[in-house]
Amino acid sequence: MYRAVLIVLLLVLAGLQYRLWIADGGWAEVHRLSEMKQELNAANERNEIRNDALQAEVDDLKSGESATEGRARSDMGMIKRDEEFFLTIAPPGPTPKPTPNDSPAER
């Protein structure tokens with residue numbers, strides 16, 4: 001009698017262990033899904049950073065022509081049609097050397 005009960009309990013235990021470790025919904029699948037979740041979270045973070053950068057670029061482009069015009073004037077020396085361009089030249093003499101604390105705008 002005890003032997004039959006022991007065999008049944010061992011079979012039940014073996015079935016539960018199989019379900020816990022191997023079957024669908026077991027620890028193996030939980031571990032696999034956890035790793036997949038971590039990979040997806042990392043991909044989402046990368047995509048959010050990329051989206052934020054693209055949104056900032058779109059906002060800059062939507063802000064109007066003034067930003068583009070200002071950049072074209074300062075960086076490329078462009079002027080509008082029917083404008084007059086005046087080039088000022090520094091007088092001859094020693095040119096002051098910039099100090100490390102000077103910003104490019106102050107030069």
Side-chain angles (χ1 to χ4, degrees):
M1 179 71 167
Y2 291 118
R3 188 174 284 183
V5 172
L6 182 62
I7 291 173
V8 170
L9 287 176
L10 286 175
L11 288 176
V12 169
L13 180 64
L16 290 175
Q17 288 295 316
Y18 171 79
R19 179 150 170 77
L20 176 66
W21 295 104
I22 300 171
D24 290 338
W27 284 109
E29 186 175 1
V30 169
H31 181 67
R32 182 182 58 80
L33 290 174
S34 176
E35 288 180 349
M36 185 184 297
K37 179 184 172 187
Q38 289 176 353
E39 291 172 7
L40 289 174
N41 285 339
N44 283 345
E45 288 178 17
R46 287 190 303 269
N47 288 334
E48 283 180 16
I49 292 170
R50 180 177 171 264
N51 286 346
D52 290 342
L54 290 174
Q55 186 62 47
E57 186 175 344
V58 167
D59 291 341
D60 285 344
L61 292 173
K62 284 184 177 180
S63 67
E65 293 182 14
S66 61
T68 307
E69 182 180 331
R71 185 173 295 163
R73 287 178 181 273
S74 66
D75 294 347
M76 297 182 201
M78 298 179 81
I79 59 171
K80 284 186 178 180
R81 190 171 300 208
D82 297 329
E83 279 187 339
E84 293 184 22
F85 176 72
F86 295 96
L87 177 64
T88 58
I89 300 174
T95 57
K97 294 183 181 179
T99 61
N101 295 334
D102 289 344
S103 67
E106 294 175 354
R107 292 182 198 163

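- Take Val5 and apply the side chain to side chain contact (heavy atoms under 4.5 Å, CB included) test, not counting sequence neighbours, and it matches Leu9.
- Leu11 belongs to a hydrophobic cluster whose other members, connected by ILVMFWY side-chain contacts under 4.5 Å either directly or through intermediates, are Ile7.
- Here Arg50 pairs with Leu54 under the side chain to side chain contact (heavy atoms under 4.5 Å, CB included) rule; sequence neighbours left out.
- Residues forming a side chain to side chain donor-acceptor pair (under 3.5 Å) with Asp59 (at least two apart in sequence, or on another chain): Gln55.
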Solution key, residues 82-94 side-chain donor-acceptor pairs under 3.5 Å, sequence neighbours excluded:
unit_1	atom_1	unit_2	atom_2	d
Glu83	OE1	Arg73	NH1	3.2
Glu83	OE1	Arg73	NH2	3.3
Glu83	OE1	Lys80	N	2.9
Glu83	OE2	Arg73	NH2	2.9

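- Through ILVMFWY side-chain contacts below 4.5 Å, Val58 is grouped with nothing and stands alone.
- Clustering of Ile, Leu, Val, Met, Phe, Trp and Tyr side chains at separations under 4.5 Å leaves Leu33 isolated, with no partner residue.
- Applying the side chain to side chain contact (heavy atoms under 4.5 Å, CB included) test to Ile49 and every residue at least two apart in sequence or in another chain returns nothing.
- Of the inter-residue distances, the one linking Asn41 atom CG with Glu48 atom CD reads 9.5 Å to the nearest 0.5 angstrom.
- Screening residues 28-37 for side chain to side chain donor-acceptor pair (under 3.5 Å) gives His31-Glu35 as the qualifying pairs, with residues at least two apart or on separate chains.
- Applying the under-4.5 Å side-chain rule to Ile, Leu, Val, Met, Phe, Trp and Tyr, the cluster around Met76 extends to Met78.
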